[in-house]
Amino acid sequence: MRVLLTGAAGFIGSHIHRAALAAGHEVVAADFMLAAAHGSAAVPPPGIARVDVRDPDALGDLLHGIDVVCHQAAVVGAGVSAQDAPAYASHNDLGTAVLLAAMHRAHCRHLVLASSMVVYGEGRYVDSAGVPAEPAPRTRADLDNGRFDYRGPDGRPLSWAPIDEDAPLRPRSLYAASKVAQEHYATAWAAATGGTVTALRYHNVYGPDMPRDTPYSGVAAIFRSALEAGESPRVFEDGTQARDFIHVSDIAEANVAALEHPLGAFTPLNIASGTPITIGEVAAILARACGGKRPVVTGDYRAGDVRHIVASPERARRSLGFVAAVTPSLGLAEFATAPLRSAAANGAPTWR
């Protein structure tokens with residue numbers, strides 16, 4: 001199968017590139033080499049074309065004879081300031097729209113889209129009786145006093161429950177808003193063209209070649225950077241925030257499965273390990289594995305942070321036969337000493 005892979009030089013894209021080649025596919029690889037991700041002087045690795053997905057002419061050339069597009073190119077991160085909004089809208093949303101139009105002209109009808117858990121916003125909660133509950137926003141007074149859990153009408157803390165793909169989309173960051181927009185464009189494209197879209201909603205991805213600490217890094221890389229500097233990882237809130245961490249090798253395998261098995265017109269899938277872990281446990285595993293300082297639970301908070309979000313990976317298992325191979329406990333211990341990418345450029349990514 002002939003695959004167009006965008007974002008092929010990135011952290012996740014480079015792992016997908018190798019996995020797709022190993023599976024016997026012909027890969028046409030492209031990356032714009034954004035300075036925010038690769039540094040200001042970066043050039044594409046051998047075999048990867050420097051292409052902006054917002055350029056319809058360049059895409060037209062790449063799409064000749066392509067059977068399926070694996071779209072990983074995006075500006076990533078939670079959005080450090082409101083000034084990042086144009087970059088997300090330009091690269092993520094306009095870029096996806098231009099790509100979809102080019103696919104239509106090239107008669108390419110299958111898309112695998114890199115989405116994210118951030119489209120959900122908060123996770124799913126149940127009250128003390130196990131009944132689904134919609135939490136009210138946390139108040140600053142509660143946060144200031146170390147009361148981080150949502151509470152039900154009876155005053156007891158709400159518990160997290162696995163979130164599935166039918167949950168409403170409630171983005172809480174600029175990046176999340178752009179990922180929801182990508183999904184909506186892809187849904188409309190599939191309806192208009194008869195194409196198929198598999199949107200892989202990645203949970204917290206980590207692994208070798210992850211970028212070092214930047215304003216857009218994942219928390220695992222931020223903890224790594226602190227430990228390498230001889231400092232304690234600083235854990236926000238009380239450290240019991242639940243997440244799902246998935247190794248990048250599993251992300252790559254999920255993408256290969258999605259490339260090889262088109263599903264319905266639009267099919268979103270949680271791509272997760274299925275083994276929940278707390279942020280405090282992540283910091284502790286990394287610290288133990290590299291012999292670093294013990295984590296410090298600071299009690300600090302960011303008012304817009306999600307308390308808990310844990311995925312149900314069941315639909316991906318049923319639809320693609322995908323089951324993560326790497327458990328967080330093993331994978332994070334290995335990640336503690338895995339090679340990382342050099343620090344990227346600082347500041348907001350450019351949108352032009």
Side-chain angles (χ1 to χ4, degrees), residues 74 76 78-79 88 92-93 96 111-138 148-153 157-188 190-191 196-205 218-219 240-246 250-251 254-255 258 263-279 302-320 322-324 328:
V76 300
Y88 289 116
N92 298 2
D93 304 340
T96 299
L111 173 69
V112 176
L113 174 67
S115 189
S116 171
M117 67 171 189
V118 297
V119 299
Y120 299 120
E122 271 291 350
R124 182 170 174 260
Y125 294 86
V126 294
D127 64 18
S128 56
V131 177
E134 288 287 338
R138 297 186 291 180
F148 300 114
D149 280 315
Y150 291 106
R151 296 185 178 272
L158 298 179
S159 300
W160 62 263
I163 196 165
D164 63 27
E165 293 85 351
D166 296 326
L169 307 185
R170 296 170 176 168
R172 295 177 57 162
S173 70
L174 297 169
Y175 172 61
S178 76
K179 300 310 283 187
V180 171
Q182 284 184 304
E183 288 198 9
H184 286 170
Y185 274 111
T187 301
T196 61
V197 178
T198 304
L200 303 181
R201 293 174 178 168
Y202 305 156
H203 285 250
N204 294 268
V205 187
V219 68
T240 66
Q241 308 94 300
R243 297 289 190 273
D244 191 300
F245 279 72
I246 179 162
D250 283 322
I251 291 286
N255 273 272
L263 301 174
F266 180 82
T267 306
L269 298 174
N270 285 326
I271 304 300
S273 73
T275 306
I277 190 170
T278 69
I279 296 297
R302 292 172 295 197
D305 277 358
V306 171
R307 178 58 175 165
H308 303 295
I309 182 163
V310 171
S312 169
E314 179 60 21
R315 187 177 295 180
R317 185 192 65 78
R318 294 196 313 268
S319 301
L320 294 179
F322 170 74
V323 177

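If you're wondering where the values come from, they're calculated on a predicted model, not measured in any experiment.
Partners of Ala265 under the side chain to side chain contact (heavy atoms under 4.5 Å, CB included) rule, at least two apart in sequence or in another chain, are Ala190. When the salt bridge (charged side-chain N to carboxylate O under 4.0 Å, His left out) test is applied to Arg315, the partners found at least two apart in sequence or on another chain are Glu165, Asp166. With sequence neighbours excluded, the residues that form a side-chain hydrogen bond (donor to acceptor under 3.5 Å, both in side chains) with Thr196 are His110. Under the ring-ring contact (aromatic ring centres under 6.0 Å, His included) criterion, Tyr125 pairs with Tyr150, not counting sequence neighbours. With sequence neighbours excluded, no residue satisfies salt bridge (charged side-chain N to carboxylate O under 4.0 Å, His left out) with Arg243. Considering only residues two or more places apart in sequence or on other chains, Arg302 meets the side-chain hydrogen bond (donor to acceptor under 3.5 Å, both in side chains) condition with Asp305. Listed by chain and residue number, Leu111, Leu113, Val197, Phe266 satisfy the side chain to side chain contact (heavy atoms under 4.5 Å, CB included) test with Ala186 (two or more places apart in sequence, or in another chain). Listed by chain and residue number, Val119, Leu169, Pro171, His184 satisfy the side chain to side chain contact (heavy atoms under 4.5 Å, CB included) test with Val180 (two or more places apart in sequence, or in another chain). With sequence neighbours excluded, no residue forms a salt bridge (charged side-chain N to carboxylate O under 4.0 Å, His left out) with Asp164. Evaluation of the side-chain hydrogen bond (donor to acceptor under 3.5 Å, both in side chains) rule for Ser115 yields Glu183 as partners, not counting sequence neighbours. In this structure, the side-chain hydrogen bond (donor to acceptor under 3.5 Å, both in side chains) partners of Thr96, at least two apart in sequence or on a different chain, are His71, Gln182. Considering only residues two or more places apart in sequence or on other chains, Arg307 meets the salt bridge (charged side-chain N to carboxylate O under 4.0 Å, His left out) condition with Asp149, Glu237, Asp238.
Side-chain atoms of Asp127 do not come within 3.5 Å of backbone N or O of Pro153 as any donor-acceptor pair.
The minimum heavy-atom distance linking Ile309 with Gly121 is given by the pair CD1-O, 3.7 Å. Taking both residues in full, the closest heavy atoms of Ala242 and His308 are given as N-ND1, 2.9 Å, listed atom of the first, atom of the second, then distance. In terms of heavy atoms, Arg124 sits closest to Pro132 at NH2-CG, 3.9 Å. The nearest pair of heavy atoms linking Asn92 to Ala74 is OD1-CA, 3.2 Å. Heavy atoms only, all atoms of each residue included: Gly274 and Asp244 are closest at N-OD2, 2.9 Å. Nearest heavy atom pair, residue Ile271 against residue Ala254, reads CG2-CB, 3.8 Å.
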Next item on the list: Evaluate the criterion salt bridge (Lys or Arg N to Asp or Glu O under 4.0 Å) for residue pair Arg170 and Glu122; output intermediate values, then yes/no.
Entry: CA-CA 8 Å; Arg170 296 170 176 168; Glu122 271 291 350; over 6 Å; no
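Here the CD1-NE2 distance, from Ile251 to His203, works out to 9.0 Å after rounding to the nearest 0.5 Å.
Counting heavy atoms from C-beta outward, Ser116 and Arg201 have side chains that stay 4.5 Å or more apart. The shortest side-chain heavy-atom distance between Tyr202 and Ile246 does not fall under the 4.5 Å cut-off. The shortest distance between side-chain heavy atoms of Leu269 and Leu263 falls below 4.5 Å.
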